[in-house]
Number of protein chains: 2
Amino acid sequence: MKNTQSENNLPEPTKAELEILQVLWEFGPSTVRFVNDKLNEQREVNYTSTLKQMQILTEKGILKRDESQMKHIYIPVEAEEKTKVQLLDRFVNTLYKGSASQLMMQLLGNEKTSKKEIEEIKRLLDSMD
Amino acid sequence: MKNTQSENNLPEPTKAELEILQVLWEFGPSTVRFVNDKLNEQREVNYTSTLKQMQILTEKGILKRDESQMKHIYIPVEAEEKTKVQLLDRFVNTLYKGSASQLMMQLLGNEKTSKKEIEEIKRLLDSMD
DNA sequence: TGTATCGTACGAAAAACATCGTACCTTTAG
DNA sequence: CTAAAGGTACGATGTTTTTCGTACGATACA
C-alpha cells in the first residue's frame, strides 16, 4: 500500500526539536528564555542553542511567533494532538506495517504496561461504540 | 566523549539502519546484495552504501555475520520483537510520558485505524485475562 | 590464463543535526 | 546619559549519519 502523504506535510521534527515542542505543548506559548530554562532542568543547553533551534523550527513552519514585542512568543502551528497523530501514524507504518492491533499486542505484552493501564484501555474500548 | 551504553542496551538504530533491519526481519539472514536489491525496490541506493551500513551495524553489535563464505551472511543479534519493544517503549515514553492508554486513545481516534482493527483489538483484550 | 564479474574494506565527501560565540539592538536602573 | 542586562540574528564549528569512490581479492569461464 502506498503511503500517500496528506497535503499538509510538515517535515518530521528532529529530536532536539521535539524537546522544544514538548515544552510548548505543556506550558503553552512561551519565550525562548522560558523554554531554555525548562530544558535546562533536564540537561545543560546554551541559551543561543535553544534560540537557534526555535528559529529553525519557525523557518520550517512548525512554529510561528509573535514578534510584536521584543521578547518573541513562540507558538506551535499544529495542535499537539495533530502532530502526535502524525508521528504515531508514521511509527505504526514503519514498524508494524500500519497494523494498530499488532502494536497493541506488543504494548499489552510489555511488562512495563501495568494492569492499571490495561484496565484503562479496556474501559476505553467498552465506552466507544 | 564516549557513550557508554549499558550492556543490555544497544544503541538506537538510525533510520537507514532500520530499513536494513526490516529487510532482515522479513526475509531472514541475507547477503548485502539481497538487502540492497530489496532497498532498491523502494529507493535508489548504491551497493557500497548498503554494505557500509551493514558493516557499521555489525560494529555496533546490532548485526552479526557469518564470514565463512565469501558472501557474508548478516543476521540480527536481537529478535525482531525485542528490538521493536525497545523502540515502542522509547516512543511511548517520549511522546506519551509512558502512558500506553493515552497512546491507545490516539490510535483509536485515528481514522486510519479501521473498524476491523478496532474489533481485532477488542477481541484481543477480551481473550487476555 | 586473462579478463569480466562479484565480493569486501575503508577513507572521505556530503548531508543532516546540534551547539555555540559574537555582533549588535533595546530596555532598564542608577 | 550611560552601563548592565537581556533580547535577536546568524555564521562557524562540531558531531553524527549517510552516501559513495576506489582499491583490491576471489571466482567464473571463454
Side-chain angles (χ1 to χ4, degrees), chain A residues 9-24 29-75 83 87 90 94, chain B residues 1-5 9-24 27 29-75 83 87 90 94:
Chain A
N9 196 9
L10 291 179
E12 183 162 11
T14 67
K15 227 178 153 183
E17 289 173 352
L18 247 192
E19 278 186 325
I20 291 170
L21 275 177
Q22 314 235 33
V23 173
L24 294 176
S30 314
T31 63
V32 174
R33 174 64 58 196
F34 181 85
V35 172
N36 186 245
D37 285 350
K38 285 298 169 190
L39 293 185
N40 274 277
E41 288 173 9
Q42 305 176 317
R43 66 188 183 93
E44 197 177 324
V45 212
N46 190 301
Y47 176 87
T48 56
S49 303
T50 305
L51 170 62
K52 181 71 166 199
Q53 285 295 344
M54 291 175 77
Q55 286 169 342
I56 291 172
L57 242 358
T58 305
E59 278 171 25
K60 286 196 191 174
I62 293 177
L63 298 184
K64 62 190 170 190
R65 67 181 173 190
D66 174 356
E67 309 182 356
S68 64
Q69 312 297 326
M70 181 166 88
K71 304 184 183 186
H72 296 175
I73 305 285
Y74 289 78
I75 306 159
T83 302
L87 291 172
R90 193 140 30 193
T94 317
Chain B
M1 193 188 312
K2 212 51 190 185
N3 185 5
T4 37
Q5 297 275 2
N9 205 5
L10 292 178
E12 181 163 14
T14 67
K15 229 179 149 183
E17 289 173 353
L18 245 191
E19 279 187 323
I20 290 171
L21 275 177
Q22 313 234 33
V23 173
L24 293 177
F27 300 98
S30 313
T31 62
V32 174
R33 173 64 60 197
F34 181 84
V35 171
N36 185 246
D37 285 350
K38 285 299 170 190
L39 292 185
N40 274 278
E41 288 173 8
Q42 305 175 319
R43 66 187 183 94
E44 197 177 323
V45 211
N46 191 302
Y47 175 87
T48 56
S49 303
T50 304
L51 170 63
K52 181 70 167 198
Q53 285 296 344
M54 292 175 78
Q55 286 171 342
I56 291 172
L57 277 169
T58 305
E59 278 171 27
K60 287 196 191 174
I62 293 177
L63 298 185
K64 62 189 170 190
R65 67 182 174 189
D66 174 356
E67 309 182 355
S68 64
Q69 312 298 327
M70 181 167 91
K71 305 184 183 185
H72 296 174
I73 304 286
Y74 288 78
I75 306 160
T83 302
L87 292 173
R90 195 138 31 192
T94 318

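A, B, ... follow the sequence lines: proteins, then strands. Residue 1 opens every chain.
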K.L.:
Would you mind telling me which of D/dG25, D/dG6, C/dA18 lies closest to the side-chain atoms of B/Met70?
P.N.:
D/dG25
K.L.:
Between D/dT18 atom P and B/Ile20 atom CD1, what is the distance in whole Å?
P.N.:
9 Å
K.L.:
Measure CG/B/Leu18 against C1'/D/dT17 and give the value in whole Å, please.
P.N.:
14 Å
K.L.:
Please tell me if A/Gln55 has a side-chain N or O lying less than 4.0 Å from either OP1 or OP2 of D/dA9.
P.N.:
yes
K.L.:
Would you indicate whether A/Glu67, at its atom CD, is surrounded by more than 12 heavy atoms from other residues, nucleotides or ligands within a distance under 6.0 Å?
P.N.:
yes
K.L.:
In whole Å, what is the span from the CD atom of B/Glu44 to the P atom of D/dC20?
P.N.:
7 Å
K.L.:
I want to verify a distance call: between D/dC20, C/dT8, D/dT18, whose nearest atom is closest to the B/Ser49 side chain?
P.N.:
D/dC20
K.L.:
What integer distance in Å separates A/Asn36:CG from C/dT19:P?
P.N.:
11 Å
K.L.:
Only counting residues at least two apart or in another chain, list the ones meeting side-chain contact (heavy atoms from CB on, under 4.5 Å) with B/Glu19.
P.N.:
B/Leu39, B/Arg43
K.L.:
Give, for atom CG of B/Asn36 and atom CG of B/Asn46, the distance between the pair rounded to the nearest 0.5 Å.
P.N.:
7.5 Å
K.L.:
Does OP1 or OP2 of D/dT8 have a side-chain N or O of A/Thr48 closer than 4.0 Å?
P.N.:
no
K.L.:
What is the distance, to the nearest angstrom, from the CG atom on A/Asn46 to the P atom on D/dC10?
P.N.:
18 Å
K.L.:
Verify the contact: side-chain N or O of B/Arg43 to OP1 or OP2 of D/dT19, cut-off strictly under 4.0 Å; return yes or no.
P.N.:
yes
K.L.:
Reckon A/Arg33 has a side-chain N or O less than 4.0 Å from the OP1 or OP2 of D/dG7?
P.N.:
yes
K.L.:
Closer than 4.0 Å, any side-chain N/O of A/Tyr47 to the OP1 or OP2 of D/dT8?
P.N.:
yes
K.L.:
Taking the side chain as every heavy atom from C-beta outward, state whether B/Thr94 and A/Lys15 have any atom pair closer than 4.5 Å.
P.N.:
no
K.L.:
Send over the distance from B/Met54 CE to C/dA9 C1', rounded to a whole Å.
P.N.:
15 Å
K.L.:
For B/Gln69 and D/dA28, what is the distance between atoms CD and P respectively, to the nearest whole Å?
P.N.:
12 Å
K.L.:
Please check this pair: side chain of A/Glu17 against backbone of A/Ile56, looking for a donor-acceptor N/O pair closer than 3.5 Å.
P.N.:
no
K.L.:
Should we say atom NZ of A/Lys60 is surrounded by more than 12 heavy atoms from elsewhere, each under 6.0 Å from it?
P.N.:
yes
K.L.:
Between D/dG7, D/dA9, C/dC20, which nucleotide has the shortest distance from any of its atoms to the side chain of A/Lys52?
P.N.:
C/dC20
K.L.:
Can you confirm whether more than 12 heavy atoms, excluding those of B/Gln69, are under 6.0 Å from its CD atom?
P.N.:
no
K.L.:
Contact list please: residues 58-68 of chain A against DNA chain D, heavy atoms, distance less than 4.0 Å, in numerical order.
P.N.:
A/Arg65
K.L.:
Write down the distance between CG (B/Asn40) and P (D/dT19), rounded to a whole number of angstrom.
P.N.:
11 Å
